[in-house]
Amino acid sequence: MMDATKYQIGYYPAPAGDYEWTKKDHITTPPAWCSVDLRDGNQSLIVPMSLQEKVEFYKMLLAVGFKEIEVGFPAASETEYEFLRTLIEQDMIPEDVTVQVLTQCRDHIIRKTFEAVQGAPRAIIHFYNSTSVAQREQVFRKSKEEIKQIAVDGAKLVKQLSEEYQGNFLFEYSPESFTGTEPEYAVEVCNAVLDVMQPTPERPMIINLPVTVEMSMPHVYANQIEWCSKNLKYRDSVILSTHPHNDRGTGVACAELAVLAGAQRVECCLFGNGERTGNVDAITLAMNLYSHGVDPKLDFSNMPEICEKYEKLTRMHVYERQPYAGALVFAAFSGSHQDAIAKGMTYYRQHSQHRWNCPYIPIDPTDIGRTYDADVIRINSQSGKGGIGFLLEQNYGYSLPAKMREDLGYRVKSVSDHGHKELSVREVCDVFEQTYMNRCTPLSVPEAHFTMRNNVFYSVVTVEMKGNSREVTSQGNGRLDAVCNAIHDATGLEFTLESYSEHSLDEGSTSRACSYVGIRWPDGSMSWGAGTHTDIIMAGTRALVSAVNNH
C-alpha cells in the first residue's frame, strides 16, 4: 500500500508578487544553448563513451550548432582529462565555440581543472557547491554561513588561478540543489560569489540556477527564477542560466517558463539524456521554438542521422514516441487521423502554401529529414481509406474515387488484421493491383472496335467467358456504354455502370491512362475495377471487365 503521508513539500516558493512572466504566452528569442551531453549525459551512461566516441559526439554537437559545450569533469577521470587535452592540443575548438568544464568548490579539484583546461582558446570554468536545506543538514552538516564560505573560497581560488594559467577564461557558478534552497539564501550566496568575481557587461558571468531535482510545479520554479533575476547584483553583467532535470516529467516546461521569467541560457542534453530521469531535452526545446516560427539557432534538419549516431555512441535508445525525434511521432495509424492528414497535405500542395497548418502534424516532417510516405501515414488494421488513398497517389500516382478507396480500405485492413502486422506502401499497392487491376478471368474483352453515327456509338466487341468466345455487335451513348451492352448480350449478366473516372499515370505521348469503374448489381452491391493502357478506351474497358470479375 502506498503511503503519501511520508511526503511533504520540500521546496521554498519565491516571495509573493506580481510576476511578469505570467503575462507572456510564448518565447520570441532563443536562449543561449549549452550542451552538457559530454559531462552530465555521459556520466549517466551504463558504459561511458570512450575518447574516440566522445570526439565523434563532440563533432556532432558542433554540426548541430552548439556554441557552448560542456566537455566534462576533467578532475573526475583520466578519460575526461585526456578528452579535454585532445580538443585543445589538436586545435579542435572553433573560434566561435566555448568549451565548459565542471568543478566542485574544492581546492585540489579546482587546481586539477585548470591544469586540464590550460591553453584553451575560450573556456567556461563552472564551479558549484550544494546549498539546499537537505544537503546542508544531512550531507555537509554546516550552517548557512559555512556553506556560503565554501562558495566564496571557491570563487577566490578560481579567480586567482585564472590569472596564473594560460587561457581565455569565463566563469559560471551554480548553487547546486537550488530547487531545495530558500530563494533568498540562494541569491545571498550568488551575490557573495559575484562580489568576488566582479563581472562586467563586457565580461559577464553566468549564474546557473539548476533544477537539480524537480520538486515543484513549473510555475513555482518560474517565480523563483524571476525573483532571483530581480535580486541578483551586477544584473547587467550576469547571464542567468537554467539547468533542469526531469524528475517530475516537466523539465521542458521548467525550462520554457524559466526563459519567460528571465533565464537567458539553457543547459541541456540531446533526447533528454542525463542522471535519473534525465536532463531537459534540447531537441524538444529547440523544435518547440521552431514550431512557433522562432529560429532556435540549432540545426536538426537531419534528425534520423542524429538519432542513429546518438544510439551508436551512447548505446541508448531513442524512444519511438520521443517528441519530434521518435520513429512514430508523425505516424498516423488511425483512419480519421489519416483522412485529415491526407486532406491537409492535398490542401497544402494545391494552395501552394508557405505557412504550415496540417491537421495532427505540428511541423512539416521533411524539415527534419523525415518523409511523408515512410513516416506519416502508416497502414495497419486501424487505418482508413483516406490514408491508404493518399499513399497510393503519393507513391504510385493512383487517384481512386472515394467509394473505391473505401472498398480498398476494408481489404487492406483485413490483410493487416489477419497477418497481425503493419503493411508497407508496396504491400498496400500489391493489394490494390492484385484485387482490382486488369483482371481478365473469367471474363475478358480482347478486342473492341467502334464507329459513331448520329451521336450513337456502334461497337464490335469480342467477349470471352470461361473459354467461350463471341463477337457481339452493340451500341451505346458512349464507347464504354457500348461495351457494357455487349457484355450484357454475351453473358446475360445484369449490372449498371455507376462510376467512372480516369487520369494519366505518366507524362508524354506514350503515357498510360488509368481508369476506375464501379458497377451496381441487381442485389444493390457494388464491385470495382481498375485498368491501365496507353489507349484510354482500352484502359476503361479493362477497368470495366475487372469490375465484372470482382463480383
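For the numbers below, each heavy atom of this structure counts, side chains included, while hydrogens, waters and symmetry mates do not.
In the model, Glu188 has no side-chain atom that pairs as donor or acceptor with a side-chain atom of Asn191 under 3.5 Å. There is no side-chain donor-acceptor pair under 3.5 Å between Asn231 and Glu184. With hydrogens and angles left out, the side-chain atoms of Ser130 and Ser177 include a donor and acceptor closer than 3.5 Å. Side-chain contact of His317 with Glu311: a donor-acceptor pair under 3.5 Å is present, judged by distance alone. Under 3.5 Å, the side chains of Gln160 and Glu164 contain a donor-acceptor pair of N or O atoms. Defined by atom type and a distance below 3.5 Å, a donor-acceptor pair is present between the side-chain atoms of His126 and Ser174. Glu226 and Ser229 share no side-chain donor-acceptor pair at under 3.5 Å. Defined by atom type and a distance below 3.5 Å, a donor-acceptor pair is present between the side-chain atoms of Ser241 and Asn208.
Cation-pi contact between Lys159 and Phe171: absent, since separation from the ring centre below 6.0 Å together with deviation from the ring axis within 45° is not met. A cation-pi contact links Lys144 to Tyr185, judged by a cut-off of 6.0 Å to the six-membered ring centre and 45° from its axis.
Side-chain atoms of Leu194 and Pro199, non-hydrogen and from C-beta on, do get closer than 4.5 Å to each other. For the pair Leu289 and Ile27, the minimum side-chain heavy-atom distance is below 4.5 Å. Under the 4.5 Å side-chain criterion, counting only non-hydrogen atoms from C-beta, Tyr58 is not in contact with Asp37. Side-chain contact between His243 and Val36 is present, with at least one heavy-atom pair separated by less than 4.5 Å. Inter-residue side-chain proximity for Phe83 and Leu38 is flagged as met; some heavy-atom pair is nearer than 4.5 Å. Two residues are said to be in side-chain contact when any heavy atoms from C-beta on lie closer than 4.5 Å; Asn273 and Tyr310 meet this criterion. Proximity of Thr131 to Glu176: side-chain heavy atoms (C-beta onward) are nowhere separated by under 4.5 Å. In this structure, the side chains of Glu214 and Thr179 stay at 4.5 Å or more apart for every pair of heavy atoms.
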side-chain hydrogen bond (donor to acceptor under 3.5 Å, both in side chains) assessment of Glu267 paired with Asn279: CA-CA 8 Å; Glu267 295 187 343; Asn279 291 65; over 6 Å; no
Derivation of the side-chain hydrogen bond (donor to acceptor under 3.5 Å, both in side chains) call for Asn129 and Tyr173: CA-CA 9 Å; Asn129 67 305; Tyr173 172 71; 2.5 Å; yes
Lys312/Glu53 under salt bridge (Lys or Arg N to Asp or Glu O under 4.0 Å): CA gap, chis, key distance, verdict: CA-CA 9 Å; Lys312 181 188 76 170; Glu53 288 170 333; over 6 Å; no
CA sep, side-chain torsions, deciding dist, call: Glu82, Thr79, side-chain hydrogen bond (donor to acceptor under 3.5 Å, both in side chains): CA-CA 5 Å; Glu82 186 182 356; Thr79 301; 5.5 Å; no
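Although no hydrogens or angles enter the test, the distance criterion places a donor-acceptor pair under 3.5 Å between the side chain of Glu146 and the main chain of Ser143. Side chain of Arg85 to main chain of Gln118: a donor-acceptor pair is present (N/O by atom type, distance under 3.5 Å, no hydrogens or angles). A donor-acceptor pair under 3.5 Å is formed between the side chain of Trp33 and the backbone N or O of Pro296. With hydrogens and angles ignored, the 3.5 Å screen pairs no side-chain donor or acceptor of Glu68 with any backbone N or O of Thr98. Using a distance-only test at 3.5 Å, with no hydrogens or angles considered, no donor-acceptor pair links the side chain of Arg265 to the main chain of Thr242. Distance alone, capped at 3.5 Å, is enough to place a donor-acceptor pair between the Gln198 side chain and the Asp195 backbone. Side chain of Ser416 to backbone of Glu422: no donor-acceptor contact under 3.5 angstrom is found. Although no hydrogens or angles enter the test, the distance criterion places no donor-acceptor pair under 3.5 Å between the side chain of Gln100 and the main chain of Val71. Between the side chain of Trp356 and the backbone N or O of Ile361, at least one donor-acceptor pair lies under 3.5 Å. Looking only at distances, a side-chain donor or acceptor of Thr181 sits under 3.5 Å from a matching main-chain atom of Ser132.
Side-chain rings of Tyr324 and Phe300 stay apart, their centers remaining 6.0 Å or farther from each other. Note: Tyr360 and Phe330 fail the aromatic proximity criterion, with ring centroids not under 6.0 Å apart.
With respect to Lys112 and Asp107, no salt bridge is recorded, no charged nitrogen being found less than 4.0 Å from a carboxylate O.
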